[in-house]
Amino acid sequence: MLGKLLKQEFRATGRIMLPVLGALIVLAFLASLSGSGLINGVTDVPVLRFLMGMIEFLFGIGVVAAGVVTVVIMISRFYRNLLQDEGYLMFTLPVSVHELVWSKLIVALVWFLVTGIVIFLVMGLLGLVLSRTNLVDLMAEFSSDWEEIWSQIVSEGLLASFRKFFLAGAVCTLLGTVCTCLHFYAAMAMGHMFNKHKILLSIVFFVLISIAFSLMTTSLNMAGFSQISENEFLYAESMALLFNTLSRMLWWLTLSELVQAAVLYLATVLCLKRGLNLA
Amino acid sequence: MAILECSMLTKRFGSTTALDDVSLRIEPGHIVGLLGPNGSGKTTMLKLANGLLTPNSGEIRIAGMEPCRETRRIVSYLPDRPYLADWMNVRQLLDLFEDFYTDFDRPRALEMLEKLHISEEMRIREMSKGTREKAQLILVMSRRAKLYLLDEPIGGVDPATRDYILETIIRNYNPEASVVISTHLIADVEPVLDEVVFISNGRVFLHKTTDEIREESGKSVDQYFREVFRC
């Protein structure tokens, strides 16, 4: 049933996210064209130059808006689809609460990832155009640089350290995003157990969870980081050692995120199972 | 085994007691009217049967099970409010019901939609209040469920549609299934009811067949209800 829920969730969110990301890509192309036009001085007409500037400005707004829309969709899908009137349908489908929460979480993560990739690509595109770099030259330069870096990595035996570092970074980022989503979910699920002031209470729970977790993670991270000496980090004897140290720090962060995610997930499921209180 | 059974069921919202020590047993194959004035606890009881609320004490069982994933497979529930996503059109909703409920009978739904002139392409947000209620009821009644829990199914529709809806309930009714209709429009539903449950201030104080009420009181259920609940 999780597959069917994911299908519904993608259908519900895709109708907003796809046009938003599509519009961002179109804006990026327009901004690239107008940006290169401005730099190359293709026109002296003030109105045209103003319009070109406006497109650049709109692109900036578009990038921020795409990020904001992704966050708003993540929150509103949980709120509207589970805790408002639509919850009457969702909670009477023959699915478990776990499946409901996972479907929301997985789809939110996918959209965060897709939005992140699109923003990275469009910013890169604009950066290339504005720096007047020829893409072919850049690729050739990058290719020769990469060969040099790669041979250095292999000769110094850095490959394993790099792999560890990037794996730790990816897992840490993914779990961080999971924690952000579950933080909102848990706060809303808790706030909606009450009969009145549900939104206000959700905000209160959000703040309380933030405080509790910042205290918890601070002590957990201190315990973890205390094992890493300053010398190890600041005066690492080699790149390999430095990256190993950074990886260890990231794994400690990941561990604290894992604990947070587990607590928030259990709290969300428990509130929805035992305290569901649809208006 | 009873299809719906409450035993000493109590639900409170803060200081308000919505259901107070309710015990009730509904057997398969009956159409039951859950009748009572506004705020008497009808909706709360149906929500509890669907697991949308958790009781403070007592228990409610569907075919011997507490409300859970298994009971949702056999219960078809119509809430008292618009509960379908307003961006969806009828076809998407048919797909959704077909996806999740193995007992959903799509040809039956299409037949009813055609009869009530509701297009498959129509979005929920484009529908009038009455059409929306009709679409919801069609989806719910197109399942071959064992228990139908209908909360105010005819409240927002015109009298002609009311007749069609009640006729639909009777026509699609599987003799082994039970239907619980919560309403205060008693005169309209009376002809289709086998039993009635009177509920007031969260307490069930009468559970009889409609024939028993008519024989004992010499009145219709509607007249009897008006007498009992006179302000």
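Only this structure's heavy atoms are used, side chains among them; waters, hydrogens and symmetry mates stay out. Proteins get letters first, then strands, A, B, ... in listed order; numbering begins at 1 in each.
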- Message: For the CH2 atom on A:Trp102, are there more than 12 heavy atoms of other groups (residues, nucleotides or ligands in this structure) within a distance under 6.0 Å?
- Response: no
- Query: Among A:Leu278, A:Asp85, A:Asn81, which residue forms the greatest number of heavy-atom pairs with chain B at distances under 4.5 Å?
  - Reply: A:Asp85
- Backbone N or O of A:Val95 within a donor-acceptor pair of the B:Arg72 side chain at under 3.5 Å? yes
- Item | Toward chain B, the part of A:Arg11 with a non-hydrogen atom under 4.5 Å | both
- Task: Under 4.5 Å, counting heavy-atom pairs only, tell me which of A:Met90, A:Glu86, A:Gln84, A:Arg274 racks up the most with chain B.
- Result: A:Glu86
- Query: For A:Leu93, does its backbone N or O pair with a side-chain atom of B:Arg69 as donor and acceptor, under 3.5 Å?
  - Reply: no
- Residues in residues 116-137 of chain B near chain A [non-hydrogen atoms, under 4.5 Å]: B:Arg125
- Answer with side chain, backbone, both or neither: which region of A:Lys273 has an atom nearer than 4.5 Å to a non-hydrogen atom of chain B? backbone
- Item | Atom CZ of A:Arg80 with >12 non-hydrogen neighbours under 6.0 angstrom | no
- Item | Closest-packed option against chain A by number of heavy-atom pairs under 4.5 Å, given B:Asp99, B:Leu84, B:Val75, B:Thr54 | B:Asp99
- Note on the structure: Taking every heavy atom of B:Tyr101 against every heavy atom of A:Leu89, the minimum-distance pair comes out as OH-CD1, 4.5 Å
- Query: Quick check: are there more than 12 heavy atoms from other residues, nucleotides or ligands sitting under 6.0 Å from CE of B:Met65?
  - Reply: yes
- Message: Is the shortest side-chain heavy-atom distance between A:Leu276 and B:Leu53 below 4.5 Å?
- Response: no
- Would you say the side chain of A:Thr92 lies within less than 4.5 Å of the side chain of B:Phe100, judging by non-hydrogen atoms? no
- Under 6.0 Å from the CD atom of B:Glu70, do we count more than 12 heavy atoms belonging to anything else shown? yes
- Message: Less than 4.5 Å to any heavy atom of chain A: does that hold for the side chain of B:Gln92, its backbone, both, or neither?
- Response: both
- Message: Do B:Leu52 and A:Asn277 make a side-chain contact, defined as non-hydrogen atoms from C-beta onward lying under 4.5 Å apart?
- Response: no
- Query: Where does A:Leu5 contact chain B at under 4.5 Å (heavy atoms): side chain, backbone, both or neither?
  - Reply: both
- Message: Check B:Glu98 with A:Lys4, please: is the shortest side-chain N to carboxylate O separation under 4.0 Å?
- Response: no
- Item | CG on B:Asp151 to OH on A:Tyr88, rounded to 0.5 Å | 8.5 Å
- Message: Is it true that, when you exclude B:Met8 itself, more than 12 heavy atoms of the residues, nucleotides or ligands shown sit nearer than 6.0 Å to its CE?
- Response: no
- Message: What part of A:Asn195 gets within 4.5 angstrom of chain B, counting heavy atoms only: side chain, backbone, both, or neither?
- Response: side chain
- Task: Please look at B:Phe13 and chain A and tell me whether the side chain, the backbone, both or neither of the residue comes under 4.5 angstrom of a heavy atom of that chain.
- Result: both
- Query: Under 6.0 Å from the CZ atom of A:Phe29, do we count more than 12 heavy atoms belonging to anything else shown?
  - Reply: no
- pair B:Met88-A:Gln8: side-chain heavy atoms closer than 4.5 Å: yes
